[in-house]
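Note that these values count all heavy atoms, side chains included, but never hydrogens, waters or copies made by symmetry. Order of listing sets the numbers, starting from 1, for every ligand and every atom in it.
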Amino acid sequence: MSKATAFLASAAIAIALAGPASGQESATPTSAGQPWLNPGLSPEARARAAVEAMTLDEKLRLIFGYSDQAVTEISKVPDDIVSQELKAYVQTRAVKGSAGFVPGVPRLGVPDQWQTDASMGVRNSLIPSTALPSSLATAASFDPAVPRAGGVMIGAETRATGHNTMLSGGVNLAREPRNGRNFEYTGEDPLLAGTMAGSLIEGIQSNKIISTIKHYAVNDTETQRTTLDVTISAEALRQSDLLAFEFAIERGSPGSVMCSYNLINGRWGCENDYLLNTVLKGDWGYKGFVMSDWGAVHSTAPAANNGLDQFTGFCCVTDNPRFAPPAMKAALQSGAISQSRLDNMVERILWALFAKGPVDNPVKAGSIDYAAHALVSQKAAEESLVLLKNDGDLLPLRGVKSVAVIGGNADKGVMAGGGSSDVTPVGGAVMLDEHTFMPSPPLAALKSELPRAKVSFDAGSDLASASALAAASDVAIVFVTQHDSEGYDGHLELQGNQDALVAAVAKANPKTVVVVESGGAVFMPWASDVPAILEAFYPGIRGGPAIARILTGKVNPSGHLPISFPASSDQLAHPDLPGLGLPGETPMHITYDEGATVGYKWYDVKGYKPLWAFGHGLSYTSFALSGLTALPDGKSVKVGFSMRNSGKRAGKGVAQVYVAPVDWKKAGWEAPKRLGAFAKTDLKPGKARQIELNVDPRLLATYEAANNNWHIKAGTYRLMVGQASDAEMQSVDVPLPDSVWSAGKADR
Ligand code: BGC
């Protein structure tokens, strides 16, 4: 560790900011004559009162956001698009290096909005911060407390670095295993994804700041993401991608929603009346505001009228001036946008600022205990890494005298994903082949966990040398990495010589462990040739120690897969990615005719055996489930069972409750089972715990578009409990009566 790194990691540091160094003097709540500053009033009343007090120009300030590039270049923007006064304000107030900035109204105590990416931590190119494991990794914890704790931590860094709005809470379903952003999301199942993303948001917002769920909606691939038109039925939407958003919004109550780049059923995400007005603001009764993804705005009046509240991410001088006040003023003058719509846009933004805390708790520069935060990230990784295979109990490593560590830049760090979630880590990023690695080398961590063993390293570029080291060692650990990034979709095949490397090392030493650092699923043609595999995802700023502590048994692994790993390309719902290889922004179209049959549901319907199934994950102990009961409970079903640690070590078991009508096809279900509930529990050897869970009624129902209803069809339903989607399960049948209710808020 360099001196600078050691200092950063161990000290509590006060961050010097370019922007709101001393908070917002003007936002100090003094309610005399300014009722919106009275915290005793409801956020709704405060927002309404503040809108009434605003001039047109003040309202317009709140609905346009400037990207970091725009902040830098704003002096070049013509004065008739952005006034000189506003340009000066933006330049002096914005936190440089962040995602974006929205000017506030100091006269009224309405704060600026300092926006930062994203779900792994504060992403500011000029400020170091603590990176969590990828969101897909923390979803693998199957424990909402893990993303929640992560959210509390990254939200604290957001506040201490002078930001009050996080662009965090990615929940797009892993419908396409090659999606370059799956690592930013929380898996393929609506309940798991929604619960985990909602918990992250809840943790972030506990810091009295806003978090932003994204990317609404069906932005499930990156190829041609700004022009891809996705066709999908309303029924499928409500039972898959939108259900994940619905669960996450209910759990996390984010202040804002980011609409996506793509088109959905012929309409841009950021001017999609069905998604924004009918579903989000109508059926779900959402009170916050919709902000655009950066560059996802295509019009002024249609966007505003179809539900966009904040035109965010104005890029640069060449960008379309529809982002600027004159276009909006013209639309108001011509009647293309009504005054009441503009007021509603502003009121929603203000509601979030009042309800989530930024007005009453102005952000200001503060100190960050990076050492404590690193431990939060390490714990998240330790709860999340998934032991896929452990034949002959090769792991945990015991009594080994020599260990060969091979490949994956394991001497330098652990891989991270690319794009807008790419945190500048404390200690500095390690850049290798233009990919970011976190400065947390597994090699050093293994050496410190195995002080009596000789731990040697080979980079893995030469198969003969790697095999020779493996053959001369008690155990070989091969690290393989797969880079994924925002902006393009990835591969399922490991790149370079990595498959050949694993095969060669496994041949040289039968005691070979493979550690996979990947954004999502990868093929493993060597899976049956190695006894042990650990899926480490992108494990964050303390990935090295987390991996080492799991491999050596300090930590008993407890992660379970939040996605299915396909065995081959033939198993994919869409073998070809539309537009792959064509110039960017080529208009493209895809029909998701698999509908809600996503992930394990697709494998079940097709009868495919994945390489690794959704929910799979091993432990160094074992768990037994027994005594399953299920009883109707209103529209829900209450499930009870006991989980016992039947092995010899303490550990955390994950119970997964699946549900289906016995005749699922007749009931119009998309698949023979859905995840209905899950729980993780910590048990000492021999100890048992009784677990009771409720299945959300929407997971027992189908969505009927004609009447906007959820409908549980009368019949016999099978409740199953197991430890993976493909595991043997206990089951019990329960009759359920017919039940129909509105998918709108009013009838919940
Ligand atoms: C990404 C968003 C991100 C925004 C701001 C966009 O390109 O899609 O996820 O929040 O940039 O950086």
Task: Under 3.5 Å side-chain donor-acceptor pair for Ser199 and Arg251 - done: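 Their side chains do contain a donor-acceptor pair, which is all the 3.5 Å distance test asks for.
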Open item on the list: Between Ser135 and Arg181, is there a side-chain donor-acceptor contact under 3.5 Å, judged purely by atom types and distance?
Closed with: no
TODO: Answer yes or no on whether Arg61 is positioned over the face of Tyr89, meaning its NZ or CZ is under 6.0 Å from the six-membered ring centre and within 45° of the axis.
DONE: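 Cation-pi check for Arg61 and Tyr89: passes.
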Task: Cationic N near anionic O, under 4.0 Å, Glu594 to Arg175 - done: yes
Nitrogen or oxygen contacts under 3.5 Å, ligand 1 side and protein side:
{"from": "ligand 1", "atom 1": "7 (O)", "to": "Tyr261", "atom 2": "OH", "distance (Å)": "2.9"}
{"from": "ligand 1", "atom 1": "7 (O)", "to": "Glu486", "atom 2": "OE2", "distance (Å)": "2.8"}
{"from": "ligand 1", "atom 1": "8 (O)", "to": "Arg181", "atom 2": "NH1", "distance (Å)": "2.8"}
{"from": "ligand 1", "atom 1": "8 (O)", "to": "Asp293", "atom 2": "OD1", "distance (Å)": "3.3"}
{"from": "ligand 1", "atom 1": "8 (O)", "to": "Asp293", "atom 2": "OD2", "distance (Å)": "2.6"}
{"from": "ligand 1", "atom 1": "8 (O)", "to": "Glu486", "atom 2": "OE2", "distance (Å)": "3.4"}
{"from": "ligand 1", "atom 1": "9 (O)", "to": "Arg181", "atom 2": "NH2", "distance (Å)": "2.9"}
{"from": "ligand 1", "atom 1": "9 (O)", "to": "Lys214", "atom 2": "NZ", "distance (Å)": "2.9"}
{"from": "ligand 1", "atom 1": "9 (O)", "to": "His215", "atom 2": "NE2", "distance (Å)": "2.7"}
{"from": "ligand 1", "atom 1": "10 (O)", "to": "Asp117", "atom 2": "OD1", "distance (Å)": "2.6"}
{"from": "ligand 1", "atom 1": "10 (O)", "to": "Lys214", "atom 2": "NZ", "distance (Å)": "3.1"}
{"from": "ligand 1", "atom 1": "12 (O)", "to": "Asp117", "atom 2": "OD2", "distance (Å)": "2.5"}

TODO: State which residues pass salt bridge (charged side-chain N to carboxylate O under 4.0 Å, His left out) with Glu517; sequence neighbours excluded, sorted by chain then number.
DONE: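 Glu517 satisfies salt bridge (charged side-chain N to carboxylate O under 4.0 Å, His left out) with no other residue.
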TODO: List the atom of Leu308, the atom of Ser292, and the distance in Å for their closest heavy-atom pair.
DONE: CD1-N, 3.5 Å
